[in-house]
Amino acid sequence: MNRRAPSPESGRTRLGLLIVSLVISGICVGLGIWQSRRLSARHALNATTEAARAMPELNLNRAGPSGVLDQRRVTARGRFDHTRTFILRGRVDRESPGVQVVVPLRLDGRLDAVLVNRGFVPAPDAARPDTSMIDRTEEAAVRGLALPIPSSPDSGAPISYGGAETWRRLDLAAIRGRLPYPILDVYIQEIAPDSAGTPARWPRPTALPPLDDGPHFSYMVQWFGIAAVALVFGVAATLRRSKEVEDGRRQSKTVSS
């Protein structure tokens, strides 16, 4: 029985298959290295955060705004200015939609104030909470973490919705423009007591994000795994086609002889 001799196209197909697998593998290796670098950066950030949180608690009523306050444990005493509450829309807590409530705290013994993220309040549309649920205590002693207030190109994206203003995020310049008194460039993320359950009144302090590896380690493993699979598949498929071509050549020689 006659067989056709291997065509030049089969060689080009093998080469093309190998090149494609190498390209895919190279891209995946690059993405894996990128995730590895992000993982290293995450580790460095976590170490810095842990060191800051391990420092002695700082009383903002006595301390000046100078120094590194990011991730420091702080306390503050003063009066909440509920007339200038900021609502952060589009939040989710325990799979329930809602908002976060940020209130300026006029610091005792000082002329300035500090924003306090008091936590989560449920709202079906994630924008308009039932204001009767919100605790409006004026005199307060607050304990939490100091976090920097960012400045963003969209100024926090404040919008008027249902007769009230809501924000996507805090923005230092935009908020300073709305307040008649100076504020610190950090806000306090209020921390709930360890025994806190479902509050009778809201807000409920929001849990802090864990200091873990995030998704970077699993993503790194996945990209390196895909790179290995693509490389093995390309080499195996190329070798298989090479074997088929070689077998075809031998059979052609046998038939012709």
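The model shown is predicted, which means the values in this text are computed figures rather than measured ones. Just so it is clear, the values below take in all heavy atoms, side chains as well, and ignore hydrogens, waters and symmetry mates.
- At a threshold of 4.5 Å between non-hydrogen side-chain atoms, the residues Arg128 and Asp125 count as touching.
- Between Ile183 and Ile175 there is a side-chain heavy-atom pair separated by less than 4.5 Å.
- Minimum heavy-atom separation, Pro56 to Arg72: O-NH2, 2.8 Å.
- Hydrophobic clustering (ILVMFWY, side-chain heavy atoms < 4.5 Å, transitive): Val116 and Leu184 are in one cluster.
- Within the 4.5 Å cutoff, no side-chain heavy atoms of Val186 are placed close to those of Asp70.
- In this structure, CD in Gln71 is found 7.5 Å from CG in Leu45, a value given to the nearest 0.5 Å.
- Interatomic distance, CG of Leu88 versus CZ of Arg169, reported as 10.0 Å (0.5 Å rounding).
- In this structure, Arg79 CZ and Leu107 CG are separated by 13.0 Å, a value rounded to the nearest 0.5 Å.
- Salt-bridge check for Arg143 with Glu57: passed, with a basic side-chain N closer than 4.0 Å to an acidic carboxylate O.
- Transitive grouping of hydrophobic side chains (ILVMFWY, heavy atoms separated by less than 4.5 Å) brings Ile226 and Trp34 into a common cluster.
- Among residues at least two apart or in separate chains, ring-ring contact (aromatic ring centres under 6.0 Å, His included) pairs with a member in residues 81-110 are Phe80-His82, Phe86-Trp167.
- In this structure the side chain of Ile24 reaches within 4.5 angstrom of the side chain of Cys28, judged on heavy atoms.
- The nearest pair of heavy atoms linking Leu111 to Tyr181 is O-CB, 4.3 Å.
- The distance from atom CG of Leu18 to atom CG of Leu231, rounded to the nearest 0.5 Å, is 8.0 Å.
- Note: Ile134 CD1 to Ile87 CD1 = 5.0 Å, rounded to the nearest 0.5 Å.
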Next on the checklist: Pair Ser152, Asp171 - check side-chain hydrogen bond (donor to acceptor under 3.5 Å, both in side chains), show working.
Outcome noted: CA-CA 6 Å; Ser152 53; Asp171 182 89; 3.3 Å; yes
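- In this structure, the side chains of Pro122 and Met133 come closer than 4.5 Å at one or more pairs of heavy atoms.
- Considering all non-hydrogen atoms of both residues, Pro97 and Pro124 come closest at CG-O, 3.9 Å.
- Looking only at side-chain heavy atoms (C-beta outward), Leu170 and Leu172 stay at 4.5 Å or farther from each other.
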Next on the checklist: One pair to check against side-chain contact (heavy atoms from CB on, under 4.5 Å): Thr206 and Gln189. What are the steps and the verdict?
Outcome noted: CA-CA 8 Å; Thr206 306; Gln189 180 71 58; 3.9 Å; yes
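- Side-chain contact between Val103 and Leu115 is absent, with no heavy-atom pair separated by less than 4.5 Å.
- Judged purely by atom type and a 3.5 angstrom limit, Asp81 has no side-chain atom pairing as donor or acceptor with the backbone of Pro104.
- Nearest heavy atom pair, residue Arg84 against residue Leu179, reads CD-CD2, 3.5 Å.
- Between Thr131 and Arg136, some side-chain heavy-atom pair lies under the 4.5 Å cut-off.
- Although no hydrogens or angles enter the test, the distance criterion places a donor-acceptor pair under 3.5 Å between the side chain of Thr48 and the main chain of Ala44.
- When Val74, Leu69, Leu145, Val102 are each tested for a side-chain contact (heavy atoms from CB on, under 4.5 Å) with Ile188, only one passes: Val74.
- Placement of Val235 and Val20 in two distinct hydrophobic clusters is found when ILVMFWY residues are connected by side-chain heavy-atom separations under 4.5 Å, directly or transitively.
- Sorted by first and then second residue, the ring-ring contact (aromatic ring centres under 6.0 Å, His included) pairs with a member in residues 103-137 form an empty list; sequence neighbours excluded.
- The minimum heavy-atom distance linking Val101 with Val121 is given by the pair CG2-CG2, 3.6 Å.
- Asp135 and Arg118 get closest at one heavy-atom pair: O-NH1, 3.3 Å.
- For CZ of Arg37, the number of neighbouring non-hydrogen atoms (other residues, nucleotides, ligands) closer than 6.0 Å is 12 at most.
- A salt bridge links Glu165 to Arg178: at least one charged side-chain nitrogen sits closer than 4.0 Å to a carboxylate oxygen.
- In this structure, the separation between CG on Asp185 and CG on Asp112 is 10.5 Å, given to the nearest 0.5 Å.
- Membership of the apolar cluster around Val221 extends to Val29, Ile33, Leu39, Phe217, Met220, Phe224, as traced through chained side-chain contacts below 4.5 Å between ILVMFWY residues.
- Just one of Arg42, Arg38, His43 meets the side chain to side chain donor-acceptor pair (under 3.5 Å) condition when paired with Asp213; it is His43.
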